[in-house]
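Contents: one structure, followed by commentary.
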Amino acid sequence: MATISYLTRRGARYHYRRRLYRRKFVNRPITVPLKTADPLEARRLVCRLSVRWDAMTMMMNERIDRGFMTASEAVALFKRGLDEELGLATAARLDGDGPSDTRTARVLEATYRIAARLAPDTDTISFELLNSFTVGFSDADRHAVVLMLKALAPHRAAAASANACLASIGAPINAATSRDARAQILLAKAEAQARAQLLDRAEVTACGNPMSILLDDNLVMQLRGKASQPARAAPVPAEAPIPTPFLTTDTRRLADVIDGTVADIQASGDWNEDVAQRVRVIDVMGCTAPAPREVCNDVAVGSHV
(Lines give C-alpha, C1' and ligand atoms only; values in the text may rest on other atoms or scores of the structure.)
Protein backbone atom coordinates (compact mmCIF):
# COMPACT_ATOMS: atom_id res chain seq x y z
CA MET A 1 0.00 0.00 0.00
CA ALA A 2 3.02 2.28 0.10
CA THR A 3 2.60 3.00 -3.63
CA ILE A 4 -0.89 4.47 -3.11
CA SER A 5 -0.77 8.14 -2.20
CA TYR A 6 -2.46 9.30 0.99
CA LEU A 7 -3.30 5.73 2.06
CA THR A 8 -1.90 4.38 5.32
CA ARG A 9 -2.53 1.32 7.42
CA ARG A 10 -2.87 1.13 11.16
CA GLY A 11 -3.17 -2.41 12.32
CA ALA A 12 -5.78 -4.08 10.16
CA ARG A 13 -7.56 -0.85 9.13
CA TYR A 14 -6.81 1.65 6.39
CA HIS A 15 -6.81 5.42 6.74
CA TYR A 16 -6.71 8.42 4.41
CA ARG A 17 -3.92 10.76 5.53
CA ARG A 18 -3.19 14.11 3.88
CA ARG A 19 -1.58 17.37 4.94
CA LEU A 20 -3.70 20.51 4.98
CA TYR A 21 -1.28 23.25 4.09
CA ARG A 22 -2.05 26.89 3.84
CA ARG A 23 0.78 29.39 4.15
CA LYS A 24 0.47 31.59 7.24
CA PHE A 25 -2.82 29.88 8.17
CA VAL A 26 -2.49 26.17 8.79
CA ASN A 27 -0.01 23.33 8.23
CA ARG A 28 -1.05 20.07 9.76
CA PRO A 29 -1.82 16.47 8.68
CA ILE A 30 -5.38 15.20 8.77
CA THR A 31 -6.26 11.51 9.06
CA VAL A 32 -9.64 10.13 7.99
CA PRO A 33 -10.43 6.47 8.89
CA LEU A 34 -11.78 4.48 5.98
CA LYS A 35 -13.33 1.84 8.26
CA THR A 36 -12.25 -1.04 6.09
CA ALA A 37 -9.55 -3.73 6.07
CA ASP A 38 -10.12 -4.63 2.42
CA PRO A 39 -7.30 -3.21 0.23
CA LEU A 40 -9.51 -3.03 -2.86
CA GLU A 41 -12.18 -1.07 -1.03
CA ALA A 42 -9.49 1.17 0.44
CA ARG A 43 -8.19 1.94 -3.06
CA ARG A 44 -11.69 2.91 -4.23
CA LEU A 45 -12.35 5.11 -1.24
CA VAL A 46 -9.01 6.89 -1.39
CA CYS A 47 -9.64 7.91 -5.01
CA ARG A 48 -13.02 9.38 -4.14
CA LEU A 49 -11.67 11.20 -1.12
CA SER A 50 -8.79 12.67 -3.16
CA VAL A 51 -11.20 14.15 -5.71
CA ARG A 52 -13.38 15.60 -2.96
CA TRP A 53 -10.32 16.96 -1.14
CA ASP A 54 -9.04 18.74 -4.25
CA ALA A 55 -12.45 20.28 -4.95
CA MET A 56 -12.74 21.65 -1.41
CA THR A 57 -9.16 22.95 -1.55
CA MET A 58 -9.86 24.87 -4.78
CA MET A 59 -12.98 26.38 -3.21
CA MET A 60 -10.97 27.51 -0.19
CA ASN A 61 -8.22 28.98 -2.37
CA GLU A 62 -10.77 30.87 -4.46
CA ARG A 63 -12.42 32.43 -1.43
CA ILE A 64 -9.10 33.33 0.20
CA ASP A 65 -6.86 34.21 -2.74
CA ARG A 66 -9.26 35.71 -5.31
CA GLY A 67 -7.89 39.17 -5.86
CA PHE A 68 -10.56 40.41 -8.22
CA MET A 69 -14.26 41.03 -8.39
CA THR A 70 -16.48 39.18 -10.78
CA ALA A 71 -18.40 41.18 -13.37
CA SER A 72 -21.67 40.74 -11.50
CA GLU A 73 -20.05 41.96 -8.27
CA ALA A 74 -18.66 45.06 -9.99
CA VAL A 75 -22.05 45.82 -11.53
CA ALA A 76 -23.76 45.40 -8.17
CA LEU A 77 -21.39 47.88 -6.52
CA PHE A 78 -21.79 50.37 -9.36
CA LYS A 79 -25.58 50.24 -9.22
CA ARG A 80 -25.57 50.70 -5.45
CA GLY A 81 -23.33 53.75 -5.65
CA LEU A 82 -25.36 55.18 -8.53
CA ASP A 83 -28.63 54.74 -6.66
CA GLU A 84 -27.42 56.39 -3.48
CA GLU A 85 -25.65 59.34 -5.11
CA LEU A 86 -28.46 60.00 -7.59
CA GLY A 87 -30.90 60.30 -4.70
CA LEU A 88 -28.66 62.89 -3.05
CA ALA A 89 -28.00 64.79 -6.27
CA THR A 90 -31.67 65.17 -7.15
CA ALA A 91 -33.14 65.62 -3.66
CA ALA A 92 -33.20 69.44 -3.76
CA ARG A 93 -34.78 69.57 -7.21
CA LEU A 94 -37.49 67.04 -6.45
CA ASP A 95 -38.30 68.72 -3.14
CA GLY A 96 -39.31 71.86 -5.01
CA ASP A 97 -36.43 74.09 -3.92
CA GLY A 98 -35.81 75.35 -7.42
CA PRO A 99 -34.07 74.20 -10.58
CA SER A 100 -31.21 71.77 -10.35
CA ASP A 101 -27.75 73.26 -9.98
CA THR A 102 -25.96 71.90 -13.02
CA ARG A 103 -22.78 73.78 -12.16
CA THR A 104 -22.46 72.04 -8.78
CA ALA A 105 -23.24 68.67 -10.36
CA ARG A 106 -20.59 69.25 -12.98
CA VAL A 107 -17.97 70.12 -10.35
CA LEU A 108 -18.85 67.04 -8.29
CA GLU A 109 -18.75 64.82 -11.35
CA ALA A 110 -15.20 65.93 -12.13
CA THR A 111 -14.24 65.55 -8.46
CA TYR A 112 -15.39 61.93 -8.30
CA ARG A 113 -13.79 61.00 -11.61
CA ILE A 114 -10.44 62.39 -10.48
CA ALA A 115 -10.77 60.73 -7.07
CA ALA A 116 -11.26 57.35 -8.77
CA ARG A 117 -7.75 57.75 -10.25
CA LEU A 118 -6.07 58.68 -6.95
CA ALA A 119 -4.61 56.37 -4.33
CA PRO A 120 -6.34 56.48 -0.92
CA ASP A 121 -3.28 57.97 0.80
CA THR A 122 -2.33 60.57 -1.80
CA ASP A 123 -2.21 64.27 -0.91
CA THR A 124 -1.39 65.75 -4.30
CA ILE A 125 -2.91 65.84 -7.76
CA SER A 126 -1.10 66.41 -11.02
CA PHE A 127 -2.04 69.22 -13.36
CA GLU A 128 -2.40 66.72 -16.21
CA LEU A 129 -5.02 64.70 -14.31
CA LEU A 130 -6.88 67.84 -13.23
CA ASN A 131 -6.94 69.33 -16.71
CA SER A 132 -8.05 66.09 -18.36
CA PHE A 133 -11.33 66.10 -16.41
CA THR A 134 -11.98 69.86 -16.33
CA VAL A 135 -12.02 70.68 -20.03
CA GLY A 136 -14.13 73.77 -20.60
CA PHE A 137 -14.21 74.67 -16.88
CA SER A 138 -13.69 78.22 -15.72
CA ASP A 139 -10.86 78.97 -13.32
CA ALA A 140 -13.37 79.26 -10.47
CA ASP A 141 -14.89 75.84 -11.20
CA ARG A 142 -11.46 74.25 -11.58
CA HIS A 143 -10.46 75.72 -8.23
CA ALA A 144 -13.69 74.36 -6.74
CA VAL A 145 -12.75 70.85 -7.87
CA VAL A 146 -9.40 71.14 -6.08
CA LEU A 147 -11.11 72.37 -2.91
CA MET A 148 -13.59 69.49 -3.01
CA LEU A 149 -10.76 66.98 -3.34
CA LYS A 150 -9.01 68.51 -0.33
CA ALA A 151 -12.06 69.05 1.86
CA LEU A 152 -14.14 65.94 1.14
CA ALA A 153 -11.27 63.65 0.09
CA PRO A 154 -13.64 61.12 -1.55
CA HIS A 155 -10.70 58.93 -2.55
CA ARG A 156 -10.10 58.28 1.15
CA ALA A 157 -13.67 58.13 2.41
CA ALA A 158 -14.69 55.59 -0.23
CA ALA A 159 -12.35 52.91 1.16
CA ALA A 160 -14.54 52.09 4.18
CA SER A 161 -17.68 52.15 2.06
CA ALA A 162 -16.07 49.80 -0.46
CA ASN A 163 -15.27 47.17 2.17
CA ALA A 164 -18.79 47.38 3.58
CA CYS A 165 -20.28 46.90 0.13
CA LEU A 166 -18.02 43.94 -0.58
CA ALA A 167 -19.09 42.27 2.64
CA SER A 168 -22.77 42.89 1.89
CA ILE A 169 -22.62 41.06 -1.46
CA GLY A 170 -20.35 38.26 -0.23
CA ALA A 171 -17.34 39.26 -2.33
CA PRO A 172 -13.78 38.63 -1.13
CA ILE A 173 -12.19 41.48 0.80
CA ASN A 174 -8.51 42.08 0.19
CA ALA A 175 -6.28 44.86 -1.03
CA ALA A 176 -7.02 44.26 -4.70
CA THR A 177 -10.80 43.95 -4.44
CA SER A 178 -10.99 46.93 -2.07
CA ARG A 179 -9.12 49.06 -4.59
CA ASP A 180 -11.40 48.01 -7.44
CA ALA A 181 -14.55 48.44 -5.37
CA ARG A 182 -13.50 51.94 -4.32
CA ALA A 183 -13.02 52.92 -7.96
CA GLN A 184 -16.41 51.48 -8.92
CA ILE A 185 -18.19 53.42 -6.20
CA LEU A 186 -16.49 56.71 -7.13
CA LEU A 187 -17.27 56.23 -10.81
CA ALA A 188 -20.87 55.48 -9.91
CA LYS A 189 -21.08 58.73 -7.95
CA ALA A 190 -19.64 60.63 -10.90
CA GLU A 191 -22.19 59.03 -13.24
CA ALA A 192 -24.99 59.98 -10.84
CA GLN A 193 -23.90 63.63 -10.91
CA ALA A 194 -23.74 63.50 -14.70
CA ARG A 195 -27.28 62.12 -14.88
CA ALA A 196 -28.52 64.74 -12.43
CA GLN A 197 -27.63 67.35 -15.05
CA LEU A 198 -30.30 65.82 -17.31
CA LEU A 199 -33.07 66.39 -14.78
CA ASP A 200 -34.32 69.60 -16.41
CA ARG A 201 -34.53 68.07 -19.89
CA ALA A 202 -38.02 68.18 -21.36
CA GLU A 203 -38.08 64.39 -21.85
CA VAL A 204 -37.36 63.87 -18.16
CA THR A 205 -39.67 66.53 -16.72
CA ALA A 206 -42.54 65.29 -18.87
CA CYS A 207 -42.31 61.89 -17.20
CA GLY A 208 -44.34 61.30 -14.08
CA ASN A 209 -41.40 59.56 -12.43
CA PRO A 210 -38.17 61.22 -13.62
CA MET A 211 -36.02 59.01 -11.41
CA SER A 212 -37.05 55.96 -13.43
CA ILE A 213 -35.57 57.58 -16.54
CA LEU A 214 -32.33 58.56 -14.83
CA LEU A 215 -31.88 55.01 -13.51
CA ASP A 216 -32.55 53.42 -16.89
CA ASP A 217 -29.25 53.05 -18.74
CA ASN A 218 -30.89 52.74 -22.16
CA LEU A 219 -33.02 55.86 -21.75
CA VAL A 220 -30.04 57.86 -20.50
CA MET A 221 -28.05 56.80 -23.56
CA GLN A 222 -30.91 57.96 -25.79
CA LEU A 223 -31.02 61.34 -24.05
CA ARG A 224 -27.29 61.80 -24.44
CA GLY A 225 -27.48 60.71 -28.07
CA LYS A 226 -30.02 63.43 -28.81
CA ALA A 227 -27.86 66.02 -27.07
CA SER A 228 -24.75 65.01 -29.04
CA GLN A 229 -26.40 65.21 -32.44
CA PRO A 230 -25.61 68.54 -34.16
CA ALA A 231 -28.54 70.74 -34.97
CA ARG A 232 -29.51 70.51 -38.59
CA ALA A 233 -29.11 73.74 -40.49
CA ALA A 234 -32.17 75.09 -42.24
CA PRO A 235 -32.04 74.30 -45.96
CA VAL A 236 -31.00 77.23 -48.09
CA PRO A 237 -33.67 77.93 -50.73
CA ALA A 238 -32.35 77.52 -54.22
CA GLU A 239 -32.22 80.65 -56.33
CA ALA A 240 -34.79 80.89 -59.09
CA PRO A 241 -33.19 79.97 -62.41
CA ILE A 242 -32.66 82.81 -64.85
CA PRO A 243 -34.66 82.21 -68.03
CA THR A 244 -32.17 81.63 -70.85
CA PRO A 245 -32.04 79.33 -73.87
CA PHE A 246 -28.49 78.26 -72.96
CA LEU A 247 -27.31 75.60 -70.50
CA THR A 248 -25.28 78.06 -68.43
CA THR A 249 -25.42 81.77 -67.79
CA ASP A 250 -22.28 83.89 -68.18
CA THR A 251 -22.15 86.79 -65.75
CA ARG A 252 -19.31 88.64 -67.46
CA ARG A 253 -19.91 91.94 -69.25
CA LEU A 254 -19.76 91.95 -73.02
CA ALA A 255 -17.17 94.69 -73.08
CA ASP A 256 -14.83 92.51 -70.99
CA VAL A 257 -14.76 89.63 -73.46
CA ILE A 258 -14.78 91.35 -76.88
CA ASP A 259 -11.01 91.49 -77.28
CA GLY A 260 -10.44 87.90 -76.22
CA THR A 261 -13.24 86.60 -78.42
CA VAL A 262 -11.98 88.48 -81.50
CA ALA A 263 -8.46 87.16 -80.89
CA ASP A 264 -9.75 83.58 -80.71
CA ILE A 265 -11.66 83.99 -83.97
CA GLN A 266 -8.55 85.43 -85.63
CA ALA A 267 -6.46 82.58 -84.38
CA SER A 268 -8.87 80.09 -85.91
CA GLY A 269 -8.31 81.67 -89.36
CA ASP A 270 -11.89 82.88 -89.91
CA TRP A 271 -11.11 86.60 -89.77
CA ASN A 272 -8.24 88.60 -91.22
CA GLU A 273 -6.08 91.05 -89.31
CA ASP A 274 -8.36 94.04 -90.00
CA VAL A 275 -11.10 93.56 -87.42
CA ALA A 276 -11.67 97.15 -86.34
CA GLN A 277 -15.03 97.35 -88.10
CA ARG A 278 -16.24 94.06 -86.63
CA VAL A 279 -15.23 95.18 -83.13
CA ARG A 280 -17.25 98.39 -83.51
CA VAL A 281 -20.32 96.40 -84.68
CA ILE A 282 -20.10 94.02 -81.74
CA ASP A 283 -19.69 96.91 -79.32
CA VAL A 284 -22.77 98.67 -80.73
CA MET A 285 -24.83 95.46 -80.60
CA GLY A 286 -23.94 94.90 -76.95
CA CYS A 287 -25.11 98.38 -75.97
CA THR A 288 -28.25 98.82 -78.11
CA ALA A 289 -29.64 95.35 -78.82
CA PRO A 290 -33.05 94.73 -77.15
CA ALA A 291 -32.19 91.12 -76.36
CA PRO A 292 -31.55 90.22 -72.68
CA ARG A 293 -28.08 90.85 -71.36
CA GLU A 294 -27.49 87.19 -70.63
CA VAL A 295 -28.25 86.18 -74.19
CA CYS A 296 -25.93 88.82 -75.57
CA ASN A 297 -23.15 87.71 -73.28
CA ASP A 298 -23.46 84.05 -74.24
CA VAL A 299 -23.48 84.88 -77.89
CA ALA A 300 -20.43 87.09 -77.57
CA VAL A 301 -18.49 84.35 -75.77
CA GLY A 302 -19.31 81.75 -78.40
CA SER A 303 -17.14 81.29 -81.44
CA HIS A 304 -17.91 81.61 -85.11
CA VAL A 305 -20.31 84.55 -84.84
Side-chain angles (χ1 to χ4, degrees), residues 1-85 112-123 153-192 215 217-218:
M1 305 308 298
T3 59
I4 302 177
S5 301
Y6 315 124
L7 187 61
T8 61
R9 181 177 179 179
R10 293 181 179 178
R13 298 286 179 173
Y14 293 98
H15 296 75
Y16 181 80
R17 183 179 176 86
R18 193 165 181 178
R19 183 173 295 276
L20 180 62
Y21 175 75
R22 185 67 193 168
R23 184 179 300 177
K24 297 182 180 180
F25 289 96
V26 63
N27 183 10
R28 57 177 298 180
I30 296 179
T31 302
V32 179
L34 299 180
K35 299 181 179 180
T36 182
D38 185 359
L40 296 179
E41 180 66 10
R43 290 171 182 266
R44 185 184 69 85
L45 292 177
V46 77
C47 291
R48 295 183 60 183
L49 280 175
S50 295
V51 173
R52 188 63 180 270
W53 182 284
D54 291 338
M56 293 184 63
T57 302
M58 286 188 291
M59 291 177 58
M60 292 176 58
N61 292 339
E62 180 183 2
R63 298 186 65 89
I64 297 175
D65 289 341
R66 182 161 66 94
F68 62 92
M69 293 187 300
T70 62
S72 58
E73 291 169 349
V75 170
L77 289 182
F78 188 90
K79 288 185 176 180
R80 176 173 298 188
L82 176 65
D83 192 5
E84 293 179 357
E85 187 68 19
Y112 288 131
R113 294 196 187 281
I114 294 174
R117 302 292 187 93
L118 299 177
D121 56 348
T122 187
D123 294 326
H155 54 291
R156 296 181 182 177
S161 177
N163 291 336
C165 291
L166 288 173
S168 65
I169 64 176
I173 301 177
N174 50 57
T177 56
S178 296
R179 180 188 64 250
D180 295 341
R182 183 178 60 87
Q184 285 292 330
I185 291 175
L186 290 173
L187 291 176
K189 291 178 179 292
E191 175 64 16
L215 284 174
D217 297 337
N218 295 327

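Computed from heavy atoms alone, side chains included, the values below leave out hydrogens, waters and symmetry copies.
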CA sep, side-chain torsions, deciding dist, call: Met69, Leu166, side-chain contact (heavy atoms from CB on, under 4.5 Å): CA-CA 9 Å; Met69 293 187 300; Leu166 288 173; 3.6 Å; yes
Exercise: identify the closest heavy-atom pair between Pro154 and Ala115: CG-CB, 3.6 Å
Check: Ala158 main-chain N/O paired with Ser161 side-chain donor or acceptor under 3.5 Å: no
Note, Arg80 side chain near Ile169 side chain (heavy atom, < 4.5 Å): yes
Check: Asn174/Thr177 side-chain N/O donor and acceptor closer than 3.5 Å: yes
Separation of His15 NE2 from Leu7 CG (nearest 0.5 Å): 10.0 Å
Candidate pair Trp53 and Val32, rule side-chain contact (heavy atoms from CB on, under 4.5 Å), full reasoning: CA-CA 11 Å; Trp53 182 284; Val32 179; 5.5 Å; no
Interatomic spacing from CZ in Arg44 to CG in Asp38 - rounded to 0.5 Å: 10.0 Å
Closest non-hydrogen atom pair, Leu77 against Ala181: CD1-CB, 3.4 Å
Arg117 atom CZ, over 12 foreign heavy atoms within 6.0 Å: no
Arg13 side chain near Pro33 side chain, heavy-atom distance below 4.5 Å: no
From CZ (Arg19) to CD1 (Ile30), nearest 0.5 Å: 10.0 Å
Close side-chain approach of Arg18 and Leu49, heavy atoms under 4.5 Å: no
Heavy-atom closest pair, residues Leu187 and Ala116: CD2-CB, 3.9 Å
Pair Tyr16-Leu45, side-chain contact (heavy atoms from CB on, under 4.5 Å): steps then yes or no: CA-CA 9 Å; Tyr16 181 80; Leu45 292 177; over 6 Å; no
Closest non-hydrogen atom pair between Phe78 and Gln184, with its separation: CD1-OE1, 3.6 Å
Over all atoms of both residues, closest heavy-atom pair of Thr122 and His155: O-NE2, 3.4 Å
Separation between CD of Glu191 and CG of Asp217, rounded to the nearest 0.5 Å: 7.5 Å
Arg9 (side chain) donor-acceptor with Gly11 (main chain) under 3.5 angstrom: yes
Closest contact, heavy atoms only, Ala190 versus Arg113: CB-CG, 3.4 Å
